[in-house]
Amino acid sequence: QVQLVESGGGLVQAGGSLRLSCAASGRTFSSYAMGWFRQAPGKEREFVAAISWSGGSTYYADSVKGRFTISRDNAKNTVYLQMDTLKPEDTAVYYCAAAMNPYSGSYYYEYAYWGQGTQVTVSS
């Protein structure tokens, strides 16, 4: 019903910035809350940020507060993750996801649709 495609990942030096994009298709994008998660090799999936369907509410993991910013453009069916002051520990595959009726927005099981992910590598 919903297809999500992430882009914008790459290799960046510590302290640098990247902007991830997630393009949605197949259903009304504005009806969904959106979230970003990440997963490093051998580690569990970790919540990063979430945004409400209207864009009026956002929520961040403590590890990225003050450095990452989530936003959405419903006219373009796209959600963004601006990542500043990147650290080596931010290295992971980043996934976007869509939730129709989330409880909190921070749990992976709330999200019904997932993208394929985009690799972010931060070197020191």
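Note that these values count all heavy atoms, side chains included, but never hydrogens, waters or copies made by symmetry.
- In plain terms, the two heavy atoms of A98 and Y32 that are nearest each other are CB-CD2, 3.9 Å.
- With a 4.5 Å cut-off on side-chain heavy atoms, Y95 and Q39 count as touching.
- Clustering of Ile, Leu, Val, Met, Phe, Trp and Tyr by side-chain heavy atoms under 4.5 Å joins V5 with none of the others.
- Taking N101 as the reference, nothing meets the side-chain hydrogen bond (donor to acceptor under 3.5 Å, both in side chains) condition, with sequence neighbours excluded.
- Separation of atoms OG (S7) and CZ (R19) is listed at 10.0 Å; rounding is to 0.5 Å.
- Both V12 and V64 sit in one connected hydrophobic cluster of ILVMFWY residues. Membership requires side-chain heavy atoms under 4.5 Å apart, directly or through other members.
- Scanning for side-chain contact (heavy atoms from CB on, under 4.5 Å) contacts around V120 gives L18, L20, M83, Y94, V122, with sequence neighbours left out.
- Every residue two or more places apart in sequence or in another chain that forms a side-chain hydrogen bond (donor to acceptor under 3.5 Å, both in side chains) with Q119 is listed here: T121.
- In terms of heavy-atom proximity, G105 sits nearest to P102 at N-CB, 4.0 Å.
- Interatomic distance, OG of S57 versus CD1 of I70, reported as 11.5 Å (0.5 Å rounding).
- Every residue meeting the salt bridge (charged side-chain N to carboxylate O under 4.0 Å, His left out) condition with K65, not counting sequence neighbours, appears here in chain and number order: D62.
- Evaluation of the side-chain hydrogen bond (donor to acceptor under 3.5 Å, both in side chains) rule for Q82 yields D84 as partners, not counting sequence neighbours.
- Counting heavy atoms from C-beta outward, S63 and E46 have side chains that approach closer than 4.5 Å.
- Q13 contributes no side-chain N or O that, together with a main-chain N or O of S123, makes up a donor-acceptor pair within less than 3.5 Å.
- Residues that satisfy the ring pair (Phe, Tyr, Trp, His ring centres under 6.0 Å) test with Y107, not counting sequence neighbours, are Y109.
- Rounded to the nearest 0.5 angstrom, T78 OG1 and M34 CE are separated by 9.0 Å.
- Other residues sharing a hydrophobic cluster with L11 under the 4.5 Å side-chain heavy-atom criterion for ILVMFWY residues do not exist; the residue is a singleton.
- Shown here are the salt bridge (charged side-chain N to carboxylate O under 4.0 Å, His left out) partners of R72, two or more places apart in sequence or in another chain: there are none.
- The ring pair (Phe, Tyr, Trp, His ring centres under 6.0 Å) analysis of residues 53-84, with sequence neighbours excluded, yields the pairs F47-Y59.
- Residues that satisfy the side-chain hydrogen bond (donor to acceptor under 3.5 Å, both in side chains) test with R67, not counting sequence neighbours, are D90.
- Geometrically, R45 engages W114 in a cation-pi contact, judged by NZ or CZ lying under 6.0 Å from the ring centre and within 45° of the ring axis.
- The line from CD1 of I51 to SG of C96 is 13.0 Å long, rounded to the nearest 0.5 Å.
- The salt bridge (charged side-chain N to carboxylate O under 4.0 Å, His left out) test applied to E89 returns no partner, not counting sequence neighbours.
- The CE atom of M100 sits 14.0 Å away from atom CD of E110, with the distance rounded to the nearest 0.5 Å.
- Proximity of E6 to W36: side-chain heavy atoms (C-beta onward) are separated by under 4.5 Å at one or more points.
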